[in-house]
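What you see below is based on every heavy atom in this structure, not just the backbone, and it leaves out hydrogens, waters and symmetry mates.
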Amino acid sequence: MNFSSIKEYFYKSTSFCFLIILMPVIFFALIYNQLITLDVGTIIFKDSLLFSILFFAFELIVLTIVHLYLLHRLKKIAKLPGLAIKLDSYFTITMIRVVVGALVCFAIVFGFLLTHNELLDVLFFVSLLWAFFQFPTSRKACKELKLRGDEHEMVYYKKDRF
């Protein structure tokens, strides 16, 4: 990602994250509106509680695997030389986190479409909340990249120079 300052870096990355998260929210709103106005029954699954529990297990497994894998990659990125290289790699990590969160949200909305179980509504909002916590902040970047000294000060306070 090209950026001319630290402020622009966080502005662009946060904007991309909001756009990615907005897609499943719009999809959920459209599906929810259609289900309420058309008043249709469940499409496939009659035992929706079991299906909801399976979706919860799926979400938990996928998000845990992604979280552990990205923590492993963050340790490697923290050792790279140069702040620009670290921030570019951190942008990739952040986008992977948010995209996986959005894909999980899409899967939950699809499950809601199939079952109409209200438990999946709650699960959708929990996974959406998880995705919002993955947004890049200067404090989080400093902590995850293990920045020290001048690099920490530049990123934390979003300065342009030392």
Exercise for review: Apply ring pair (Phe, Tyr, Trp, His ring centres under 6.0 Å) to Phe110 and list each qualifying residue two or more places apart in sequence or on a separate chain.
Suggested key: none
Check your understanding: Taking the side chain as C-beta and beyond, is there a heavy-atom pair between Ser89 and Leu80 under 4.5 Å?
Key -> yes
**Study point:** Which atom of Tyr90 lies closest to which atom of Pro136, heavy atoms considered
**Key:** CE2-CB, 4.1 Å
Check your understanding: Should we say atom CZ of Phe106 is surrounded by more than 12 heavy atoms from elsewhere, each under 6.0 Å from it?
Key -> yes
**Study point:** Heavy-atom donor-acceptor pair, Lys146 side chain to Leu74 backbone, under 3.5 Å
**Key:** no
Check your understanding: How long is the gap from CG on Leu119 to CZ on Phe51, to the nearest 0.5 Å?
Key -> 12.0 Å
Check your understanding: Between Ile20 and Met95, is a side-chain contact (heavy atoms from CB on, under 4.5 Å) present by the stated rule, with each step listed?
Key -> CA-CA 9 Å; Ile20 291 169; Met95 289 301 118; 3.8 Å; yes
Review point. Quick one: does Phe27's side chain get under 4.5 Å of Tyr32's, heavy atoms only?
Key: no
Throw together a table of side-chain donor-acceptor distances under 3.5 angstrom for residues 3-16, partners on residues two or more places apart or in other chains.
unit_1, atom_1, unit_2, atom_2, d
Ser4, OG, Glu8, OE1, 2.4
Ser5, OG, Glu8, N, 3.2
Glu8, OE1, Ser4, N, 3.0
Glu8, OE2, Lys12, NZ, 3.1
Tyr9, OH, Leu87, O, 2.8
Tyr9, OH, Phe91, N, 3.3
Lys12, NZ, Asn2, O, 2.9
Ser13, OG, Tyr9, O, 3.0
Ser13, OG, Phe10, O, 3.2
Thr14, OG1, Phe10, O, 2.7
Ser15, OG, Tyr11, O, 2.8

Point to revise | Nearest heavy-atom neighbours spanning Gly82 and Glu151 | key: C-OE2, 4.2 Å
Review point. Does Tyr69 have any ring pair (Phe, Tyr, Trp, His ring centres under 6.0 Å) partners at least two apart in sequence or in another chain, and if so, which?
Key: none
**Study point:** Taking every non-hydrogen atom, the tightest pair across Val109 and Pro24
**Key:** CG2-O, 4.4 Å
Practice item. With the side chain counted from C-beta on, respond yes when Leu145 and His152 share a heavy-atom pair under 4.5 Å apart, and no when they do not. Key: no
**Study point:** Closest contact, heavy atoms only, Ala107 versus Phe55
**Key:** O-CE2, 2.8 Å
Check your understanding: Yes or no on side-chain contact (heavy atoms from CB on, under 4.5 Å) for Leu19 and Met23, after CA distance, side-chain angles and deciding distance?
Key -> CA-CA 7 Å; Leu19 288 175; Met23 288 185 275; 5.9 Å; no
Exercise for review: Give the intermediate values and the outcome of side-chain contact (heavy atoms from CB on, under 4.5 Å) for residues Phe112 and Leu35.
Suggested key: CA-CA 10 Å; Phe112 177 70; Leu35 293 178; 3.4 Å; yes
Point to revise | Under-4.0 Å salt bridge between Glu144 and Lys76 | key: no
**Study point:** Spacing of CD belonging to Glu59 relative to CG belonging to Leu120, to within rounding of 0.5 Å
**Key:** 10.0 Å
Point to revise | Audit row: Ile108, Ser127, side-chain contact (heavy atoms from CB on, under 4.5 Å) steps and yes/no | key: CA-CA 9 Å; Ile108 292 171; Ser127 57; 3.6 Å; yes
Point to revise | Distance in Å, Leu60 CG paired with Thr64 OG1, rounded so as to fall on 0.5 Å steps | key: 4.5 Å
Check your understanding: Do Arg97 and Leu70 come close enough that some side-chain heavy atom pair is under 4.5 Å?
Key -> yes
Check your understanding: Do Phe124 and Leu128 come within less than 4.5 Å of each other through their side chains, counting heavy atoms only?
Key -> yes
Check your understanding: Looking only at heavy atoms, what is the nearest atom pair of Cys17 and Val98, with distance?
Key -> SG-CG2, 3.6 Å
Revision key, fill the gap. Heavy-atom closest pair (Met154 atom, Asp160 atom, distance to 0.1 Å) is CE-O, 3.7 Å
Check your understanding: Under 6.0 Å between ring centres, would you say that holds for Phe125 and Phe28?
Key -> yes
Exercise for review: Find out if a path of hydrophobic residues (ILVMFWY) with successive side-chain heavy-atom gaps under 4.5 Å connects Leu49 to Val122.
Suggested key: no
Review point. Does Phe135 CZ have over 12 foreign heavy atoms under 6.0 Å away?
Key: yes
